[in-house]
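One structure is given below, encoded as structure tokens.
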Amino acid sequence: MIRAGAPVTSNEQRYGGLSGEAVARATGRDWDAWLELLDRLGAQEMDHKGIVALIAGQGELSSGWWQQSVAVGYEQARGLRVVGQTSAGGFQIGVQMTLPVPAGEAWDLLTEGPGLDTWLGTADGIEFRKGERYRTSEGVSGEVRSIVPGERVRLTWSSPDLAHPSTLQITVLPSGKKASVRFHQERLSSLEERERMRTHWRDVLQELSQLVISRGRG
């Protein structure tokens, strides 16, 4: 547990998307204090799992979420990890957009007809059920890993444009009378792939938005 009376200071540094003030408020140490402590304990020579163990032990931090967050922030601060890189290696990207249709309509748009072709490509007879394999005429292939109908689907995604298979999750959430659609892709091999796929999924969302407008729902 965090020691009573541990110093809490604020600063403007942000690592892992968290300010020093937020980290200090939750953990009892700001970023300067965490960096100094972990440097002294030799964290720069450790992998992610080892850094988390240090934070849990000698860092006296019991929250698993904050252990992971501080470890990620430390790795970014010391150049051991870049923004968008996961603890397993590899990179991830997430983009989202609110479409002016209810969540049910957004789901239908994504799983059939022109909307399906927009993000997946041209594929014959794909059914969104666990274990279903697919291949498109554009060379994209994979397998449906999990699905919650109307809410999200997770699938493997192999493409001629990527160095190795990745994982893609598409989520639809209601936002009032509208729907928030999010594409989240993991296991990308480089920053270049990450930025390329960021642009790709942003373009896909724009095309989906145009489909909605063309149907008279914009």
Side-chain angles (χ1 to χ4, degrees), residues 16-17 72 82-218:
V72 168
V82 297
V83 175
Q85 188 175 18
T86 67
S87 60
F91 297 79
Q92 61 183 338
I93 185 63
V95 296
Q96 67 182 45
M97 176 181 287
T98 299
L99 300 181
V101 292
E105 288 189 33
W107 180 261
D108 291 343
L109 176 70
L110 289 162
T111 55
E112 59 189 44
L116 174 61
D117 294 346
T118 296
W119 70 267
L120 182 67
T122 307
D124 293 330
I126 181 172
E127 295 184 26
F128 286 98
R129 61 186 180 188
K130 186 176 180 179
E132 177 81 1
R133 298 197 63 81
Y134 69 90
R135 178 175 292 277
T136 73
S137 59
E138 293 82 3
V140 175
S141 62
E143 177 181 322
V144 177
R145 289 295 176 84
S146 65
I147 182 167
V148 179
E151 183 178 325
R152 66 179 179 273
V153 60
R154 185 174 178 86
L155 59 159
T156 57
W157 178 278
S158 297
S159 166
D161 296 330
L162 300 181
H164 55 67
S166 64
T167 303
L168 177 67
Q169 179 164 297
I170 305 166
T171 305
V172 178
L173 294 174
S175 179
K177 295 182 178 180
K178 300 179 180 181
S180 175
V181 176
R182 178 177 175 83
F183 287 83
H184 183 87
Q185 192 166 18
E186 303 170 353
R187 301 179 184 275
L188 299 171
S189 65
S190 65
L191 279 171
E192 189 275 332
E193 275 194 358
R194 178 176 182 263
E195 293 310 306
R196 180 150 42 87
M197 295 312 297
R198 184 207 298 273
T199 299
H200 172 74
W201 296 121
R202 282 177 172 171
D203 290 345
V204 164
L205 284 169
Q206 288 292 340
E207 290 183 43
L208 290 170
S209 178
Q210 289 302 312
L211 273 176
V212 171
I213 292 172
S214 70
R215 294 179 177 183
R217 294 303 304 269

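- Applying the side chain to side chain contact (heavy atoms under 4.5 Å, CB included) rule to Pro114 yields the partners Leu211, Arg215; only residues at least two apart in sequence or on another chain are considered.
- Here Trp107 pairs with nothing under the ring-ring contact (aromatic ring centres under 6.0 Å, His included) rule; sequence neighbours left out.
- Every side chain to side chain contact (heavy atoms under 4.5 Å, CB included) that Glu193 has, sequence neighbours left out, goes to Leu162, Ala163, Leu188, Ser189, Ser190, Arg196.
- Going from atom CG of Leu168 over to atom CG of Leu155 covers 5.0 Å, rounded to the nearest 0.5 Å.
- Pairs passing the salt bridge (Lys or Arg N to Asp or Glu O under 4.0 Å) check and including a residue from residues 152-176, sequence neighbours excluded, read Arg154-Glu186.
- Residue pairs meeting the ring-ring contact (aromatic ring centres under 6.0 Å, His included) criterion with at least one member in residues 184-215, sequence neighbours excluded: Trp157-Trp201, Phe183-Trp201.
- Applying the salt bridge (Lys or Arg N to Asp or Glu O under 4.0 Å) rule to Glu138 yields no partners; only residues at least two apart in sequence or on another chain are considered.
- Every residue was checked against the side-chain hydrogen bond (donor to acceptor under 3.5 Å, both in side chains) condition with Glu112, not counting sequence neighbours, and none meets it.
- Considering only residues two or more places apart in sequence or on other chains, Ala106 meets the side chain to side chain contact (heavy atoms under 4.5 Å, CB included) condition with Val101, Val172, Ala179, Val181.
- The CG atom of Asp203 lies 12.5 Å from the CZ atom of Arg198; values are rounded to the nearest 0.5 Å.
- Listed by chain and residue number, Glu143, Arg145 satisfy the side chain to side chain contact (heavy atoms under 4.5 Å, CB included) test with Thr156 (two or more places apart in sequence, or in another chain).
- Looking at residues two or more places apart in sequence or on another chain, you find a salt bridge (Lys or Arg N to Asp or Glu O under 4.0 Å) between Glu132 and Arg129.
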